[in-house]
Amino acid sequence: MTQASRAGRRTGIAAAVILAIIVGIALIGPTSFGRSASDSGDLRTDRLSPPSAAHPFGTDASSRDVMARVVQGTRVSLGIAVLSVGILFVIGVAWGGLSGLAPAAADRWMMRLVDALLATPRLLIVLAVVAFTGRLAAPALALLLGLTGWAQMSRVVRARVREVRASDHVVAARALGTPALSLFLRHILPEVAPTAFVMAILAAAAIIPLEASLSFIGAGVAPPTASWGVLLRDATDHPTDAWWLLLFPSVVIATTVMCVNVLGERLQPRDRNFLAR
Amino acid sequence: MLRFAAARARQTAIVAIIVTSLAFFLVHAAPGDPFSTIDTSVESAAARAEMRVRYGLDRPLYQQYPAMLMNFARGEFGTSFSQSRPVSAVLAEVIPDTLLLMLPALTFGVLLGVALGTWQGARAGSSADRGWSTVTLGVLSVPEFLIALIAATLFAVRLGWFPATGMLRIGATHSSFADLLGDYLHHAALPVATLTLTIACAVARFQRTAVIGALSEEFVRTARAKGATDRRIIMTHVLRRTAASLCAILGLLFPALIGGAAIVEDVFAWPGAGHTLVAAVSSRDYPLVIALVTVGSIAVCVGSALADAAAAWVSPSGAVDA
């Protein structure tokens with residue numbers, strides 16, 4: 001093992017550990033630290049107070065504890081990310097698998113739809129929906145992000161299915177008369193799965209900033225739910241007098257996305273660069 | 001080449017139709033409409049019903065959709081609720097301003113990204129390469145709006161070097177073209193730099209991979225055997241080889257780019273399509289939103305098609321895969 005790849009592995013492990021800590025804190029939730037994300041402190045004395053022992057991340061304009069708000073925001077943002085990645089995973093693998101096994105003509109049309117979806121500016125589509133119906137609840141937003149985000153997954157899965165389909169063991173199983181469904185589930189899917197998982201991680205790395213952007217411009221989750229983007233939106237009201245409102249959510253979101261990206265990159269097989277095809 | 005162009009144009013049209021239908025049906029699949037949430041104490045049920053009729057929202061979807069497409073094809077986008085004027089007038093005003101932001105950012109971003117990616121690829125695995133890879137990944141891990149926000153807070157609000165919002169001084173009359181240009185550049189610096197940074201980092205990562213791939217190919221060994229210098233190999237052979245994949249990648253980046261640019265515009269209150277879109281969403285100006293989203297989607301389709309055409313054009317093998 002070369003020195004570079006050993007360093008890379010260490011980075012990957014570090015990313016996984018940091019991510020696990022962030023997810024763990026989000027799962028435990030702010031109340032376990034004896035903090036509440038919604039309770040206001042004394043509005044006269046606790047308003048916009050800088051970080052201190054009592055409030056390590058300071059307080060916001062409504063005297064709420066910023067640390068508790070960040071933890072709460074992490075729950076919401078990661079929850080939406082996990083849910084929408086789950087949705088796009090199922091659709092992407094099903095569509096990509098079907099397309100990979102389908103006859104050439106059907107495959108071409110299925111991939112044409114994927115091309116269209118890949119050319120879709122997702123943020124604009126979500127904005128159109130929000131303009132029409134008003135802000136969405138977190139599960140609805142996750143569904144929308146999932147429904148518009150499975151194209152890359154299905155394209156990569158399809159390519160992998162086409163490869164695996166031609167391999168000896170699949171050809172042998174087919175020759176033995178294995179039905180199509182069990183051929184896919186038992187012989188093809190296990191080999192496609194690692195690729196699909198890496199794509200899922202990369203999809204999460206794209207969805208987290210997307211959701212944050214939507215919430216930031218006020219088109220994300222409906223209030224009173226607060227995701228990371230909402231916290232940053234609040235920070236813009238105090239550009240000069242409360243740096244902690246901007247700093248802490250920024251650091252958490254950047255760290256999380258960076259770790260997800262590093263993890264996706266480390267788990268990616270060396271010989272393929274999914275996005276560069 | 002002509003056949004390729006025709007095939008690609010047809011494909012782009014199909015993609016554009018799929019994208020706009022997708023937008024249309026997703027919008028209508030969601031419950032409610034722009035008039036269901038208007039304050040019921042002010043607007044009577046009858047007034048809201050009348051609005052639905054006026055905007056054709058009372059008709060079934062299979063009638064609304066072709067009607068919308070026909071109107072769009074004729075350039076009729078309806079009337080903006082919030083600005084009380086034709087949507088086409090708004091579009092004519094904001095699209096040039098968006099181009100004034102996007103074109104410089106795209107140009108600088110691609111140039112910087114190619115330079116960095118090539119430089120990294122030529123010394124892949126070195127500590128400098130790994131350092132820059134961390135930097136580019138780090139930048140791409142921060143949402144664009146956050147970079148914009150930090151840039152605005154630091155360089156506009158704190159240091160006061162650049163204006164935080166707008167494209168030109170409000171109400172200013174410019175004595176000369178140089179004055180106008182200077183004013184524009186002063187305002188454009190931060191938003192263009194923000195977009196340039198993300199574009200450059202994305203491009204650099206792809207370019208690095210492409211250069212590493214190209215360097216391991218036979219033609220590089222041949223060139224080296226003929227005594228070409230490293231510099232010549234990179235500048236002529238490798239760059240020509242990677243140009244095609246670079247164009248293809250740009251096509252893939254467009255959809256995300258246009259969304260990110262919209263939000264960066266909003267952070268800096270740049271008077272372009274993105275800022276207008278965000279404002280239209282919060283005032284629930286449905287005709288304006290649909291028009292802007294459609295124009296944005298078509299711009300992405302056309303951009304991707306141009307990128308593909310460029311990829312085919314620069315491809316050394318001349319292979320054109322319509």
Side-chain angles (χ1 to χ4, degrees), chain A residues 2 4 7-8 11 112-113 115-134 136 140 144 147-148 152 205-206 208-210 212-214 216-219 229 232 235-236 239-240 243 246 249-250 253-262 265 273 275-277, chain B residues 11 14-16 18-19 22-23 26-28 30-34 36-37 125 130 137-138 140-146 149-150 152-153 157-158 164 206 209-210 245 249 251-252 254-256 258-260 262-263 266-267 277-278 280-282 284-286 289-290 292-293 296-297 300-301 304:
Chain A
T2 64
T11 322
R112 195 155 283 179
L113 182 77
D115 284 341
L117 213 55
L118 274 179
T120 306
R122 293 165 73 188
L123 195 114
L124 300 192
I125 302 282
V126 178
L127 284 182
V129 174
V130 172
F132 198 71
T133 62
L136 303 166
L144 192 57
L147 284 178
T148 51
Q152 190 79 49
I208 295 172
L210 190 61
S213 309
L214 284 165
F216 176 74
I217 56 173
L232 292 165
T236 56
T240 47
W243 52 268
L246 177 61
S250 305
I253 186 170
T255 310
T256 307
V257 180
M258 178 101 181
C259 288
V260 174
N261 268 326
V262 168
E265 192 163 81
N273 191 331
L275 299 175
R277 61 165 79 200
Chain B
Q11 211 169 321
I14 294 175
V15 169
I18 296 180
V19 169
L22 197 78
L26 265 179
V27 162
H28 286 270
D33 68 42
S36 59
T37 43
R130 272 181 286 144
L137 190 66
L140 291 178
S141 298
V142 184
E144 279 125 323
F145 79 86
L146 192 48
L149 201 58
I150 292 167
T153 309
V157 179
R158 291 250 163 189
F206 287 117
T209 312
S245 70
I249 285 304
L252 285 180
F254 277 138
I258 207 158
I263 303 215
D266 189 55
V267 171
L277 176 64
V278 173
V281 168
S282 32
R284 312 219 28 211
D285 188 343
Y286 162 71
V289 171
I290 290 291
L292 283 168
V293 169
S297 305
V300 168
C301 292
S304 305

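Every chain is numbered from 1 and lettered A, B, ... according to where its sequence line falls, protein lines coming before strand lines.
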Atom [atom1] of [X] and atom [atom2] of [Y]: how far apart are they, to the nearest 0.5 Å?
{"X": "Ile263(B)", "Y": "Leu127(A)", "atom1": "CD1", "atom2": "CG", "answer": "6.5 Å"}
{"X": "Arg122(A)", "Y": "Ile258(B)", "atom1": "CZ", "atom2": "CD1", "answer": "15.5 Å"}
{"X": "Leu246(A)", "Y": "Leu146(B)", "atom1": "CG", "atom2": "CG", "answer": "6.5 Å"}

Winner by heavy-atom pair count (cut-off under 4.5 Å) against chain B, out of [options]:
{"options": "Leu232(A), Val130(A), Leu214(A)", "result": "Leu232(A)"}
{"options": "Ala205(A), Ser250(A), Cys259(A), Ala254(A)", "result": "Ser250(A)"}
{"options": "Ala219(A), Gly218(A), Ala128(A), Pro249(A)", "result": "Ala128(A)"}

Which region of [X], side chain (C-beta onward) or backbone (N, CA, C, O), has a non-hydrogen atom less than 4.5 Å from a non-hydrogen atom of chain A, or is it both or neither?
{"X": "Leu137(B)", "result": "both"}
{"X": "Ser297(B)", "result": "both"}
{"X": "Phe145(B)", "result": "side chain"}
{"X": "Val289(B)", "result": "side chain"}

Problem - Contact leader toward chain A among Ser141(B), Gly259(B), Ser282(B), Pro255(B), where contacts are heavy-atom pairs under 4.5 Å - result: Ser141(B)
Handout entry: chain A interface, residue from Ile150(B), Leu292(B), Val142(B), Leu149(B) that has the most non-hydrogen pairs under 4.5 Å
Key = Leu149(B)
Which region of [X], side chain (C-beta onward) or backbone (N, CA, C, O), has a non-hydrogen atom less than 4.5 Å from a non-hydrogen atom of chain B, or is it both or neither?
{"X": "Leu124(A)", "value": "both"}
{"X": "Val262(A)", "value": "both"}
{"X": "Leu117(A)", "value": "side chain"}
{"X": "Leu144(A)", "value": "side chain"}
{"X": "Thr255(A)", "value": "neither"}

